Amino acid sequence: QVQLVESGGGLVQAGGSLRLSCAVSGRTFSTYTMGWFRQAPGKEREFVVYISWSGGSTYYADSVKGRFTISRDNAKNTVYLQMNSLKPEDTAVYYCAVRVGSGLFTTARSYNYWGQGTQVTVSS
């Protein structure tokens, strides 16, 4: 069983920054594709970004490109999401997710394990 724990969410003013972390249990973290998704009230969960097992491949949603940066530390079993220039429309619960197996995907159903989520609120 893989467990994920997100942290780092909070309340920030527009234009500010936050850094989310996601700690993952298990000895095979370095083989996982990791993704970040978010869900705003009344909306479906949407893809934000993924990173390949090596960190060599990343892919961002257009809405966050140039503002958010994903990274991973396989020695610490942790993936990070640095969020800069935050906007009120970034307000959501942010989830990290693990994909076990090959391939890089932007769909939520392609990921096997999920964290409990961390709230990010951006005030205008």
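Below, each value reflects all heavy atoms present in this structure, side chains not excepted, and no hydrogens, waters or symmetry copies. In this text, all values refer to a predicted model and were calculated from it rather than measured experimentally.
- Atom SG of residue C96 and atom CD1 of residue I51 lie 12.5 Å apart, to the nearest 0.5 angstrom.
- For the ring-ring contact (aromatic ring centres under 6.0 Å, His included) condition, no pair includes a residue of residues 66-102, sequence neighbours left out.
- Side-chain contact between V49 and L81 is present, with at least one heavy-atom pair separated by less than 4.5 Å.
- Evaluation of the ring pair (Phe, Tyr, Trp, His ring centres under 6.0 Å) rule for W53 yields no partner, not counting sequence neighbours.
- Looking at every heavy atom in both residues, L4 comes nearest to Q116 through O-OE1, 3.5 Å.
- Across all their heavy atoms, F29 and D73 have their closest contact at CE2-O, 3.9 Å.
- Y60 has its side chain within reach of I70: a pair of non-hydrogen atoms, C-beta onward, lies under 4.5 Å apart.
- By the salt bridge (Lys or Arg N to Asp or Glu O under 4.0 Å) test, E89 pairs with no residue at all, sequence neighbours left out.
- Residues passing the side chain to side chain donor-acceptor pair (under 3.5 Å) test with T121, sequence neighbours excluded: Q119.
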Let's go through V2 and Y32 carefully: what are the C-alpha distance in whole Å and the side-chain angles of both, what is the deciding distance for side-chain contact (heavy atoms from CB on, under 4.5 Å) to 0.1 Å, and is it a yes or a no? CA-CA 11 Å; V2 178; Y32 300 151; 3.4 Å; yes
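- Residues meeting the ring pair (Phe, Tyr, Trp, His ring centres under 6.0 Å) test with Y50, sequence neighbours left out: F47, Y59.
- Y111 is linked by a ring pair (Phe, Tyr, Trp, His ring centres under 6.0 Å) to F37, counting only residues two or more places apart in sequence or in another chain.
- Residues that satisfy the salt bridge (Lys or Arg N to Asp or Glu O under 4.0 Å) test with K43, not counting sequence neighbours, are absent from this structure.
- Not counting sequence neighbours, the partners of R72 by the side chain to side chain donor-acceptor pair (under 3.5 Å) test are N74.
- Taking all atoms of both residues into account, the shortest heavy-atom contact from M34 to V79 is CE-CG1, 3.8 Å.
- A salt bridge is defined here as a Lys NZ or Arg NE, NH1 or NH2 lying under 4.0 Å from an Asp or Glu carboxylate O, and K65 with D62 meets this definition.
- Residues passing the side chain to side chain contact (heavy atoms under 4.5 Å, CB included) test with S63, sequence neighbours excluded: R38, A61.
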Quick one: do Y113 and Q1 satisfy side-chain contact (heavy atoms from CB on, under 4.5 Å)? Show the steps, please. CA-CA 9 Å; Y113 299 97; Q1 185 73 9; 4.0 Å; yes
Can you list the steps and then say if W36 with E6 is a side-chain contact (heavy atoms from CB on, under 4.5 Å)? CA-CA 10 Å; W36 284 97; E6 300 101 332; 4.0 Å; yes
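- At distances below 3.5 Å, at least one donor-acceptor pair connects side-chain atoms of T78 with backbone N or O atoms of K76.
- For S57, the side chain to side chain contact (heavy atoms under 4.5 Å, CB included) partners at least two apart in sequence or on another chain are S52, L104.
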Please output the side-chain donor-acceptor pairs of residues 11-26 that fall under 3.5 Å, not counting sequence neighbours, one pair per line with the distance.
{"from": "S17", "atom 1": "OG", "to": "N84", "atom 2": "OD1", "distance (Å)": "2.9"}
{"from": "S25", "atom 1": "OG", "to": "Q3", "atom 2": "N", "distance (Å)": "2.8"}
{"from": "S25", "atom 1": "OG", "to": "Q3", "atom 2": "O", "distance (Å)": "3.4"}

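- Put simply, the side chain of D90 does not reach to within 4.5 Å of the side chain of M83, judged on heavy atoms.
- Hydrophobic clustering (side-chain heavy atoms under 4.5 Å, transitive across Ile, Leu, Val, Met, Phe, Trp, Tyr) keeps V64 apart from F105.
- Residues passing the side chain to side chain donor-acceptor pair (under 3.5 Å) test with T107 are S110, sequence neighbours excluded.
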